[in-house]
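Proteins get letters first, then strands, A, B, ... in listed order; numbering begins at 1 in each. None of these values were measured; they are calculated from a predicted model.
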Number of protein chains: 2
Amino acid sequence: MTSSPHFHILIEKIFSINVTAEELKSIPEPSLRRLPVYLQYLQNARETGKTEISTTLIARDLRLDPTQVRKDLAYTGIIGKPKIGYNIDILINSIEDYLNWNNLSDAFLAGAGNLGLALLGFEQFTKYGIKIVALFDNDGRKIDREVKGVPVLPVEKMASLAKRMHIHIGIITVPASSAQSVAEQMVAGGIKAIWNFAPKMLKLPEEIIVENAQFATSLAVLTRKLAESLKMVE
Amino acid sequence: MTSSPHFHILIEKIFSINVTAEELKSIPEPSLRRLPVYLQYLQNARETGKTEISTTLIARDLRLDPTQVRKDLAYTGIIGKPKIGYNIDILINSIEDYLNWNNLSDAFLAGAGNLGLALLGFEQFTKYGIKIVALFDNDGRKIDREVKGVPVLPVEKMASLAKRMHIHIGIITVPASSAQSVAEQMVAGGIKAIWNFAPKMLKLPEEIIVENAQFATSLAVLTRKLAESLKMVE
DNA sequence: AATATATTGTGAAATCCATCACAAAATATT
DNA sequence: AATATTTTGTGATGGATTTCACAATATATT
């Protein structure tokens with residue numbers, strides 16, 4: 001009967017109805033941003049040997065509201081059991097699926113400096129659905145070498161190679177001064193989404209997706225909270 | 001007369017009334033997170049020779065609502081001129097003051113790997129109110145050297161040195177596996193705020209301020225938007 | 001000098017997100 | 001078997017943030 005709370009979800013699964021772009025959009029951005037946090041927490045929890053977990057516990061450990069956690073997780077389509085909670089393995093899978101992190105996407109990374117290498121070396125990176133297949137740099141000493149099995153190529157080759165390899169994601173870790181130019185070359189190569197670590201706002205066509213990994217943003221919150229807490233003490 | 005819209009702000013300035021913790025708290029967190037974005041945008045704008053700027057223009061370039069920009073900037077106490085906008089220099093100063101980024105705070109950085117060095121090399125860093133005064137690492141080959149004029153010391157010395165130097169801010173760029181232990185040593189040294197780049201949730205006393213600079217968070221938004229846009233095309 | 005235009009600043013309305021309250025469900029306990 | 005307990009799922013409520021609407025104001029134009 002339609003009394004099941006998951007009736008419509010079941011129907012979708014049974015008939016393999018594709019989730020449309022409209023539905024995809026429906027998650028609030030704050031919820032979306034919390035999903036990776038849950039993921040990490042759950043991976044830690046799994047390592048301790050747990051197999052089930054409740055939102056009550058997740059919320060306590062992450063200092064969130066249990067209902068909020070439940071609603072966030074519900075966006076991924078996961079179904080829990082009253083009195084028990086969720087199966088950790090299934091929950092992890094559900095989140096990864098929702099984020100599309102189970103399908104690895106190839107990506108180009110421009111800027112083989114410390115930050116670029118840090119990202120490349122970040123093993124858990126493939127867990128986040130991204131595989132860096134080539135590095136690009138302008139420094140002749142770096143070019144034509146390999147770093148962790150990934151070739152370093154000159155920036156001029158980026159656009160044509162991106163086209164040929166149908167790359168959709170570009171990561172920018174070059175200095176602010178060359179970020180705009182590198183971004184434009186990525187766009188010329190057909191790249192659709194750019195993850196920008198350079199402290200510079202990029203001006204690109206509207207249809208290009210840009211996420212700025214602004215260090216400064218979280219630092220603002222930190223310094224602000226610290227100033228508050230120091231004020232309170234004195 | 002009290003008809004001036006900024007009467008209370010003027011009064012505060014004239015009598016140097018300190019902003020209290022209560023008032024400090026009053027900015028919405030979303031607004032706080034946007035302030036560094038404005039700052040960067042304004043610094044770029046200044047370099048082009050502009051001296052005045054309107055929220056209309058800022059909003060257009062950053063794809064925000066003009067009223068939102070106006071209200072955000074108002075939290076810093078800035079006052080604009082109808083038909084003209086804001087003086088860029090004064091506006092930049094106003095934001096920096098509000099974030100307390102004009103007063104440099106000393107900080108310790110644990111983890112002299114690629115990511116740590118990337119942060120250290122980030123010249124604009126001092127613009128964000130933080131000065132890294134020592135690096136800590138466990139790798140004997142790195143210890144007792146200097147990187148960009150900053151000494152690299154063994155992690156065991158961190159707590160006692162933090163106490164002696166009254167350090168309040170710690171930055172963690174060690175691997176996830178040692179993040180918790182390093183964080184605890186920071187707390188033991190009296191550090192009050194931790195900026196955590198390790199992909200690991202830290203369990204620390206409630207009074208410690210922790211900001212997680214989660215790469216994964218912005219990546220989730222990116223991959224999600226990309227999946228949406230690819231759905232729409234097909 | 002008068003009028004037009006662009007912008008600020010802000011109260012009001014609308015939207016979005018988080019939290020509350022509680023029925024339904026699954027297990028544990030008596 | 002009945003009762004107690006814990007948790008899920010969700011409609012309703014409350015609060016926070018964004019957007020709207022518009023008066024006030026400074027400059028530009030006629």
Given [N], is OP1 or OP2 found less than 4.0 Å from the side-chain N or O atoms of [X]?
| X | N | answer |
| --- | --- | --- |
| B:R34 | D:dT18 | yes |
| B:T55 | C:dT8 | yes |
| A:Y86 | D:dG9 | yes |

Who passes side chain to side chain contact (heavy atoms under 4.5 Å, CB included) against [X], sequence neighbours left out?
| X | result |
| --- | --- |
| A:S178 | A:V174, A:P175 |
| B:K50 | B:T48, B:L57, B:I88 |
| A:L62 | A:V37, A:Y38, A:Y41, A:I58, A:L64, B:M201 |
| A:N103 | A:N100 |

| said: Apply salt bridge (Lys or Arg N to Asp or Glu O under 4.0 Å) to residues B:E211 and A:K225 and explain how you reach the verdict. | reply: CA-CA 10 Å; B:E211 263 295 306; A:K225 286 184 183 165; 3.7 Å; yes
Could you go over nucleotides 11-14 of chain D and give all protein N or O partners under 3.5 Å, atom names and distances?
unit_1 : atom_1 : unit_2 : atom_2 : d
D:dG11 : O6     : A:K71  : NZ     : 3.0

| request: Scan for side-chain hydrogen bond (donor to acceptor under 3.5 Å, both in side chains) pairs involving residues 196-207 of chain A, sequence neighbours excluded, and state none if there are none. | output: A:N196-A:N212
Protein-nucleotide distance ([X], atom [atom1]; [N], atom [atom2]), rounded to Å:
| X | N | atom1 | atom2 | value |
| --- | --- | --- | --- | --- |
| A:D65 | D:dT7 | CG | C1' | 14 Å |
| B:Q68 | C:dT15 | CD | C1' | 13 Å |
| B:R60 | C:dT7 | CZ | P | 8 Å |
| B:R70 | D:dT19 | CZ | P | 12 Å |
| A:R33 | C:dC16 | CZ | P | 17 Å |
| B:E52 | C:dT7 | CD | P | 13 Å |
| B:D72 | D:dT18 | CG | P | 7 Å |
| A:I78 | D:dT8 | CD1 | C1' | 12 Å |

| said: Cation-pi check for A:Y86 against A:R70: NZ or CZ below 6.0 Å from the six-membered ring centre and within 45 degrees of the axis, yes or no? | reply: no
| note | Applying ring pair (Phe, Tyr, Trp, His ring centres under 6.0 Å) to A:F197 and not counting sequence neighbours gives A:W195, B:F215
| Which of the following nucleotides, D:dT17, D:dT8, C:dC20, is nearest to the side chain of A:S54? | D:dT8
For nucleotides 3-6 of chain D, which of its nitrogen or oxygen atoms have a protein nitrogen or oxygen under 3.5 Å away, and what is each distance?
unit_1 : atom_1 : unit_2 : atom_2 : d
D:dT5  : O2     : A:K83  : NZ     : 3.0

| For A:R60, what residues pass the salt bridge (charged side-chain N to carboxylate O under 4.0 Å, His left out) criterion, not counting sequence neighbours? | none
